[in-house]
Each structure stands twice: as structure tokens, then as C-alpha cells.
Amino acid sequence: DPVAETDSDSITDQELTAEFQGIADKIKRNVIAAQLAVLEFDIKEAEAKRDQERVNTLATQFITLTRQLAEIHQRM
């Protein structure tokens, strides 16, 4: 026989939503961190080739991702 669930054992929709949001934020944080690592490598490569236009484009992407990461950290 399964033990009957009590009110103290149940999780509210709000708590469940918060838990899922936390998990989603951790996944997003890891994805963004990986993207930033790739961009850092790409920026160094573009700098070595003296491709300033590509450096500027990549730097803009880097800044955008950094801002997204900061927003996630603020929620956590």
C-alpha cells in the first residue's frame, strides 16, 4: 500500500514552477558559458588574422551573451 500523501509532502504549482525555472536557468547558463568559450577562441583567431570586422562581430555576440548570463545570475 502506498502511503497517503499529506499536505506537507505535496509540492505547490508555484514551487514546481520555480524548480523548473531553476533547472532551465542552469542549463542556459551552461550553454552560454560554452558559447562564450567558443567565441573567445574565435575572437583570438580573428585578431591573429587581423580581421577587425570579424572581431567586432564576435565581440558584439560576446557582449550579448554576457548580458544574458548576467540576467540569469540575477534570477538565481
Side-chain angles (χ1 to χ4, degrees):
D1 273 346
V3 176
E5 189 175 299
T6 64
D7 288 339
S8 63
D9 292 336
S10 64
I11 186 166
T12 66
D13 287 346
Q14 186 177 2
E15 290 169 329
L16 192 57
T17 299
E19 185 68 23
F20 282 130
Q21 184 62 53
I23 292 167
D25 283 346
K26 287 178 186 176
I27 293 169
K28 288 176 191 173
R29 188 178 67 205
N30 290 339
V31 168
I32 291 172
Q35 290 173 326
L36 287 171
V38 170
L39 277 173
E40 185 176 356
F41 176 82
D42 290 347
I43 289 169
K44 288 178 183 178
E45 186 177 60
E47 287 173 337
K49 293 179 180 178
R50 302 190 190 285
D51 185 347
Q52 192 58 47
E53 185 177 334
R54 179 134 171 88
V55 169
N56 292 342
T57 299
L58 295 170
T60 300
Q61 292 174 7
F62 191 92
I63 291 167
T64 300
L65 288 173
T66 302
R67 287 181 180 150
Q68 290 176 9
L69 194 58
E71 289 171 10
I72 291 170
H73 280 291
Q74 286 177 347
R75 285 197 301 260
M76 297 180 88

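Asp42 pairs in a side chain to side chain contact (heavy atoms under 4.5 Å, CB included) with only one of the listed residues (Glu47, Arg54, Gln61), which is Arg54.
Note: Ile72 CD1 to Ile32 CD1 = 4.0 Å, rounded to the nearest 0.5 Å. Remark: Asp13 CG to Glu15 CD distance equals 9.5 Å, nearest 0.5 Å. Taking CD from Glu71 and CG from Asp25, the interatomic distance works out to 10.5 Å, rounded to the nearest 0.5 Å. To the nearest 0.5 Å, atoms CG (Asn56) and CD1 (Ile43) are separated by 10.0 Å. Between the CD atom of Gln52 and the OG1 atom of Thr57 there is a distance of 10.0 Å, given to the nearest 0.5 Å. The CG atom of Leu16 sits 5.0 Å away from the CD1 atom of Ile11 when rounded to the nearest 0.5 Å.
Contact annotation: the side chain of Leu36 never approaches that of Glu40 to less than 4.5 Å [non-hydrogen atoms, C-beta and beyond].
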